[in-house]
There are 2 protein chains.
Amino acid sequence: MATIHDVALRAGVSPKTVSRVMNDHESVSAKTRERVRLAMQALDYHPNAVARGLRAQAAPAVGILMGDPSGGYQTRIHHALMVACLQNGRHLSAELVEGDLAGWQDRIRAFVTEGGIREMVLLPPECDFAPLKALLREHDVRCVLISPTSPDSLSPSIVMDDRAAAREVVEHLFSLGHERIGHIAGHPDHAASTLRRNGFNEAYAAAGKPRPDPALIVPGDFSFKGGLAGAQALLDMDDPPTAIFAANDDMAAATCMEAQRRGLKLPDDLSVVGFDDAPIAAAIWPSLTTIRQPFDQMTQRAITALNAWSANAALGKAAATILTQHSLVIRESTGPVRAG
Amino acid sequence: MATIHDVALRAGVSPKTVSRVMNDHESVSAKTRERVRLAMQALDYHPNAVARGLRAQAAPAVGILMGDPSGGYQTRIHHALMVACLQNGRHLSAELVEGDLAGWQDRIRAFVTEGGIREMVLLPPECDFAPLKALLREHDVRCVLISPTSPDSLSPSIVMDDRAAAREVVEHLFSLGHERIGHIAGHPDHAASTLRRNGFNEAYAAAGKPRPDPALIVPGDFSFKGGLAGAQALLDMDDPPTAIFAANDDMAAATCMEAQRRGLKLPDDLSVVGFDDAPIAAAIWPSLTTIRQPFDQMTQRAITALNAWSANAALGKAAATILTQHSLVIRESTGPVRAG
DNA sequence: CCACCGCATGACATCGCTGTCGGACTGAGC
DNA sequence: GCTCAGTCCGACAGCGATGTCATGCGGTGG
């Protein structure tokens, strides 16, 4: 494996000059630069990222915290982030977080101190955990939050308007004639859950309709199993809803499953809407009407924000909030309310 | 951030001694050892993994190549590997591979040379790509293959018996009275596809039945969309099968969707079996009968193999093949063939 | 002709850790 | 008292890159 020293030797310059050429630094004469370039090519030289990391006192990677992969939200973000990193010549280093924060604390500290991670992308629900953010701040880790509920004044945030999206879902159902709409809420730890529920309620007010029956809002946890329980509760009602808006696609899929088990025909007997446009949304029958988030754009912007921050250390103080555009994807799981 | 030097100062010893204590090396008197331990605790010292990596000429992480996350197979392995790494005090570093090998080659080379990755876990389909393995070998990267089709004499392999599993699927269908069974094959690039198809055929021979109608085997690609096309082809036949065995769960889910679109009642009108026990298998209605692979065990063993290899460099030469046990998970998508 | 300046480049130290080598000390044996 | 072996430990160098500072050079102005 060629080192900077070998290149220097071959090019007849000092290692420092090779370093300068690599980093487009300061003034190096065109002739020298060319000679160094040639030597690098001839030796198939690749700078050692670990050594750079030691010198720079930072790992050559952006950190990401990954929890439970079920639901696919996190998986899709992770994949999109890898693509974005690739395009920006960066690397991603993932650390597992499962269970409660207390359990992670040491691990995250180790991730940051031992692993030398100085930049991190935080996903829901971790992006909303104040103690975690405090811990990272304490270690001077630059964070970019993807989809936090309340943007952080100290970290750039890539957000989407969960409330507006939920309102659009309900308006779509209104337009199909549904009035009695059930809602299976998300995991109480995810702040997005509250936003979606609020959006659900607001749609009624915005349409000048009476406040929806509180019994139509049942708790959930974003899991398939939780969705099953929620759907059962709603469909067991004496006066069941004609449409159900689940706070994510997994629970919506569970709702479809439960309804079909009971012999209901979708969407004729029941309309179902999810949230996230997870792969499962298009993989079940009927395919799910849902809200799509622009992951590619979000992750691309997250990395861009980190780049900008690196380029200008002052940026952290005026953390930007970047709003991304969601969209309602209408598929087969929603239809007009049945007459009668 | 405390360094080894700070600890040494506080403990009144040399940095080297602190290093020895950390690595349980050679002889350090109990008293000194204790003093160093105390100093480490007092300073909340954590060794810098980047510096260690530079010294050791290796990144402090195990590499993994990740392609398209759809289907969830890779995602689940990745998650299980993170858990296994955590338990073994290691880290995982993922690199994206999409498109053809030619495109990756440089990236993987950079991953290995710049990133300093010296150990890697290879998943399907990459674990079956000879040029990739040659490239990695050339750079002295220790690889463990998860589920390769033909174990590699130079790398430990964690395998499962795809053929036997496929046979079990067909035998299960036989036991329910099905004779006319369709098969949607997997992606031709994945060697497992062939194994599963062979297992499918072998089951007929093993049961003393005539060779299945070749028209009942249609091509697929492991994607939901491909499954849809396969199911359409099978269900459009003049004499459609009474059961369909798809080479993975995504295609099985697609088969269910297509069948339901056509008004078929599952499993009464059609039995469906998948492969992998992906989350979607339990998330659709009817839930899928499928083959489960023991991911936790597989990944745990992969890391164990790397540990053993590190401990004894000679191991690489006598690469072990570790067989893991799959199981048939019977759910709601399979039932007795309808009389008539 | 000298003082001075700016550009291109190199020498050296350093990031945190660990392998190598050798030194200091202990105690046993003569 | 001296040697020798063994134990415990430290000085030093070096992994590969880069920041800091110094140096040599040619050119400009007085």
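Lettering follows sequence order; numbering is per chain, from 1.
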task = Taking the six-membered ring for Trp and the single ring otherwise, decide whether the centroids of Phe295(B) and His79(B) are under 6.0 Å apart.
result = no
remark   = Assert: residue with more 5' nearest nucleotide on DNA chain C, out of Lys16(B) and Ala51(B), is Ala51(B)
query = Just checking Val18(B): base, sugar-phosphate only, or nothing, at a heavy-atom cut-off of under 4.0 Å?
reply = nothing
query = Starting at CD of Gln57(B) and ending at P of dT18(C), how long is that distance when rounded to a whole Å?
reply = 14 Å
query = What is the distance, rounded to the nearest whole Å, between atom CD1 of Ile4(B) and atom P of dG19(C)?
reply = 11 Å
message = Can you work out whether Arg20(B) or Pro47(B) has the more 5'-proximal nearest nucleotide on DNA chain C?
response = Pro47(B)
Backbone N/O of Leu96(B) and side chain of Arg107(B): donor-acceptor pair under 3.5 Å = yes
ask   = Under the 3.5 angstrom rule, does the side chain of His190(B) hit a backbone N or O of Ala192(B) as a donor-acceptor pair?
value = no
remark   = Taken to the nearest whole Å, CD/Glu114(A) to C1'/dG16(C) is 13 Å
remark   = Taken to the nearest whole Å, NE2/His25(B) to C1'/dG10(D) is 17 Å
message = Using a 3.5 Å distance criterion without hydrogens, assess whether the side chain of Thr304(A) forms a donor-acceptor pair with backbone atoms of Gln300(A).
response = yes
inquiry  = So, OP1 or OP2 of dG10(D): does either fall under 4.0 Å of a side-chain N or O from Thr17(B)?
reply    = yes
message = Could you go through Gln297(A) and Gln325(A), starting from their C-alpha distance and side-chain angles, then the distance that decides it, and tell me whether this counts as side-chain hydrogen bond (donor to acceptor under 3.5 Å, both in side chains)?
response = CA-CA 9 Å; Gln297(A) 200 190 77; Gln325(A) 210 50 54; over 6 Å; no
task = Round to the nearest Å and state the distance from Asn48(A) atom CG to dG14(D) atom P.
result = 18 Å
remark   = Checking Leu306(B), Val83(B), Ile303(B), Val62(B) against Asn88(B) for side chain to side chain contact (heavy atoms under 4.5 Å, CB included), the one that qualifies is Ile303(B)
query = What is the distance from CG of Leu9(A) to P of dA17(D), rounded to the nearest Å?
reply = 14 Å
query = Considering the options Ile146(B), Val144(B), Leu136(B), which one meets the side chain to side chain contact (heavy atoms under 4.5 Å, CB included) requirement together with Leu122(B)?
reply = Leu136(B)
ask   = Does the dG16(C) base have a donor-acceptor partner in the side chain of Arg55(A) within less than 3.5 Å?
value = no
ask   = How would you label the contact of Val50(A) with the nucleic acid (heavy atoms, under 4.0 Å): base, sugar-phosphate, or nothing?
value = nothing
ask   = Taking for each residue the nucleotide of DNA chain D bearing the nearest heavy atom, is the 5' side occupied by Val28(B) or by Met1(A)?
value = Val28(B)
query = Could you state the CG-C1' distance from Asp6(A) to dA17(D), rounded to the nearest angstrom?
reply = 13 Å
ask   = Within less than 4.0 Å of OP1 or OP2 of dT18(C), is there a side-chain N or O belonging to Arg52(B)?
value = yes
ask   = Nearest-Å distance, CG (Leu54(B)) to P (dG14(D))?
value = 14 Å
task = For dG16(D), take OP1 and OP2 only and decide whether either is under 4.0 Å from a side-chain N or O of Thr3(A).
result = no
request  = Identify, residue by residue, the members of residues 29-40 of chain A with a heavy atom below 4.0 Å from DNA chain C, and return them in order of residue number, or none.
outcome  = Ser29(A), Thr32(A)
